[in-house]
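Each chain gets a letter, A, B and so on, in the order its sequence line appears, and its residues count up from 1. These numbers were taken from a predicted model, which means no experiment stands behind them.
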Protein chains: 2
Amino acid sequence: MRKTEPRIPTIREVAKLAHVGLMTVSRVINNHPSVRPSTRKKVEAAIVQLGYRQNEAARLLKGQRAKMIGLIVPDLSDAFFASCAHTVQHIARAHGYMTLVVSSERDADLEFQQAELMASRKVSGLLIVTSTRRGDDRLRELQNTGLAIVAFDRPLPGSDADCVLVENRTGAEEATQHLISHGHKRIACVGYDEETYTIHERVLGYTHHMNAAGLKPNIALGLLTLDGIREWLAEALAGKNKPTAIFSLNHRTSIYLLQALAEQKLRIPQDMALVGFDDFDLASIITPPLTTVAQSPVELARRSMGLLLERIQKTHDGIESSPAKILLPVKLMVRASCGPHEERPD
Amino acid sequence: MRKTEPRIPTIREVAKLAHVGLMTVSRVINNHPSVRPSTRKKVEAAIVQLGYRQNEAARLLKGQRAKMIGLIVPDLSDAFFASCAHTVQHIARAHGYMTLVVSSERDADLEFQQAELMASRKVSGLLIVTSTRRGDDRLRELQNTGLAIVAFDRPLPGSDADCVLVENRTGAEEATQHLISHGHKRIACVGYDEETYTIHERVLGYTHHMNAAGLKPNIALGLLTLDGIREWLAEALAGKNKPTAIFSLNHRTSIYLLQALAEQKLRIPQDMALVGFDDFDLASIITPPLTTVAQSPVELARRSMGLLLERIQKTHDGIESSPAKILLPVKLMVRASCGPHEERPD
DNA sequence: TATCCAACGTCTAACGTTATCAAGCTCGCA
DNA sequence: TGCGAGCTTGATAACGTTAGACGTTGGATA
């Protein structure tokens, strides 16, 4: 029973069946031009008849690249990145690629290790949401060996890789403006992980817009846990310039804030208005529905894959071209957490 | 610049540096016993000095299995499976395996295609959350070629693969009992996708417990969309035996129900009590916090990987052993969505 | 019909690894 | 001292594919 190995057909058997040489079969498979149509047809028939499939290992050994693309994200259990992974995979499959997904656990070293591992497996391309903030020549070296790399969500510092980013800054400005237009003047900006590019950009957008409106920015970063948020909130409420609105820098912070606000019996939006960056499944369902700045993981992944497939083609053909940059828009999802549109007394 | 190929060292160069034959190096790498310690040391030093790493492609070509494990889930963008994937990957990495994650899009044929693709890439093991309900010999054939397979979350019909399941039935019984103990008699059971094993089991648990308590089951399945839920709810409320409590069969349904109930201005738990199968991030944060039956994706993945690694070892050593079955407990997370514990009049 | 050209097909040699087999070495015992 | 026995070690031949060198064929032209 164990010895039922059904003999996977090789190119050799195809050649025998089609009465041609090995290389003819190889050329048919690789769409080489110089094969007579009649011969091609014979070979193709033999391929179908035997159910032949190329042996990747042998191709790899000959120096070809694998029909795989690698995807590195900071955290696969994050719904946003999971959604990206799903889309990437879907598109990759449609183009005959398998996807090697790994989570870098937000660790720059692990991220590079994984990238190198993928490179050593000869993936055709690499899609990466980096966790490095400092430039890293090591990835560049991989690029120089003919690996196509596209960064998305965050740019690869000091790299000339293609990248697809989101209008983080504009989104933050819109969120801030939204709160201002509801009459708020003391708007706090809360989040963690100031090292992350996206967060950094959002803070910049907030700060810029607050200053432009003549308001004083009030930024609290590094609040990683629910406890951190609780503490900050208690402190903020005790101060004399307590905020009337909060701009939350990301999904997780929004959730913690919701909990902390509920614990303090603060009503949204009456006692505290809230806008959060990142939309999430339940944002429209909770009470009150949360106004968010939505970005589309699907679109992000879609455009990134588009760029990657192009880049793989170019790299394959030995064409060098300047890196592409795509900037995707965000959308303010106005819900109830800032209340109806009205002026509010100081 | 493009020609900077830094010559990846081969086993041959290691051999030359260590002044030994090729095979000695190969034996050192594969932990063959018959290598003199002094020789081993020499070779290991050379390996470190050159930064040698095995070439997977060549190993594969020689018929070895890849240091990869495959994971097939119905939907990678589902938080539950994303979390599983994350854990699987983490453990796999710790054991030197990369993970090939794919989503089967809940399609049995695609699922098998992906499995075969992975098999042809010679993965060492396959972890699979199946979307088939009917027996499928094809996976069995893969097993017979020496591929270790472990099913989790759902059993592989007609297969003798190891599997790790969750106490779906018991969980549903506990949820039902919880509602009954709050005095509810008219308890509806709502969800979709009756074809799915887990849902089926939960319905069984609910039905069994309702019957045992002398209550009449009220089951609504096939409600895939928010609209479907809305419609069902309106109808249920219009009937004369309108339910006072709902047992939601999964995460998504719970969310839709929350929205539909809010639209109908029904208060939870006063007008309608609710228990949902599957815990989720915001369950404890929304108002009121939702009572759920929690299962742990992390534990599920952990145990499955444990089984898989064992099975890979056994398969490698040619040991056959009867399939293992693990049943994981669930936990009723009592929150506020069923109200305080009290009897309720009919 | 002979010659040349173009188009096409085949052969050979790798790619890096491991299984098999054969040979060398050391050690203990007669 | 000599000689198996057992432990190490090394040479060789695959694994399936592709690049490149090398033949072979057919037709067109003089």
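Note: NZ (K42(A)) to P (dT10(C)) measures 8 Å, nearest angstrom. Rounded to an integer number of Å, the gap from E56(B) CD to dG16(C) P is 15 Å. Rounded to an integer number of Å, the gap from R53(A) CZ to dC15(D) P is 20 Å. Counting to the nearest Å, the P atom of dT18(D) and the CZ atom of R12(A) are 12 Å from each other. K16(B) places its NZ atom 20 Å from the P atom of dT9(D), with the value rounded to the nearest Å. Between the NE2 atom of H32(B) and the P atom of dG10(D) there is a distance of 15 Å, given to the nearest Å. At whole-Å resolution of the value, CE in M23(A) and P in dT24(D) are 18 Å apart. One interatomic measurement links the two molecules: CZ of R27(A) to P of dA21(D), which rounds to 13 Å at whole-angstrom precision.
Taking only side-chain nitrogens and oxygens, N30(A) comes nearer than 4.0 Å to OP1 or OP2 of dT18(D). Residue T24(A) places at least one side-chain N or O under 4.0 Å from the OP1 or OP2 atom of dT10(C). Taking side-chain N and O atoms only, Q64(A) has no distance below 4.0 Å to OP1 or OP2 of dC15(C). OP1 or OP2 of dC8(C) has not a single side-chain nitrogen or oxygen of T39(A) nearer than 4.0 Å. Remark: R36(B) is in phosphate contact with dT9(D), judged by side-chain N or O atoms under 4.0 Å from OP1 or OP2.
With respect to the salt-bridge test (charged N to carboxylate O, under 4.0 angstrom), the residues E44(A) and K41(A) do not qualify. Look at D109(A) and R138(A) and you find a salt bridge, because one of the NZ, NE, NH1 or NH2 atoms lies within 4.0 Å of a carboxylate O, short of that distance. Classification of K67(B) and E56(B) as a salt-bridged pair fails, no side-chain N sitting under 4.0 Å from a carboxylate O. The existence of a salt bridge linking K16(A) and E13(A) is excluded, since no basic side-chain nitrogen approaches an acidic carboxylate oxygen closer than 4.0 Å.
Of the two residues near DNA chain D, H19(B) and L61(A), the one whose nearest nucleotide lies more 5' is H19(B). Each of A58(B) and P37(A) has a nearest nucleotide on DNA chain C; the 5'-most of these lies closest to P37(A). Two residues, S26(B) and S38(A), neighbour DNA chain C, and the one matched to the more 5' nucleotide by heavy-atom proximity is S38(A).
Listed nucleotides dT18(D), dG9(C), dT18(C) differ in distance to V35(A); the shortest reach to its side chain belongs to dG9(C). For Q54(B), the side-chain atoms get nearest to dT18(C) when compared with the rest of dT18(D), dT18(C), dG16(C).
For dA14(D), the base has a donor-acceptor partner in the side chain of K62(B) [N/O atoms by modelled type, under 3.5 angstrom].
Closest of all the heavy-atom pairs between Q114(B) and V102(B) is OE1-CG1, 3.5 Å.
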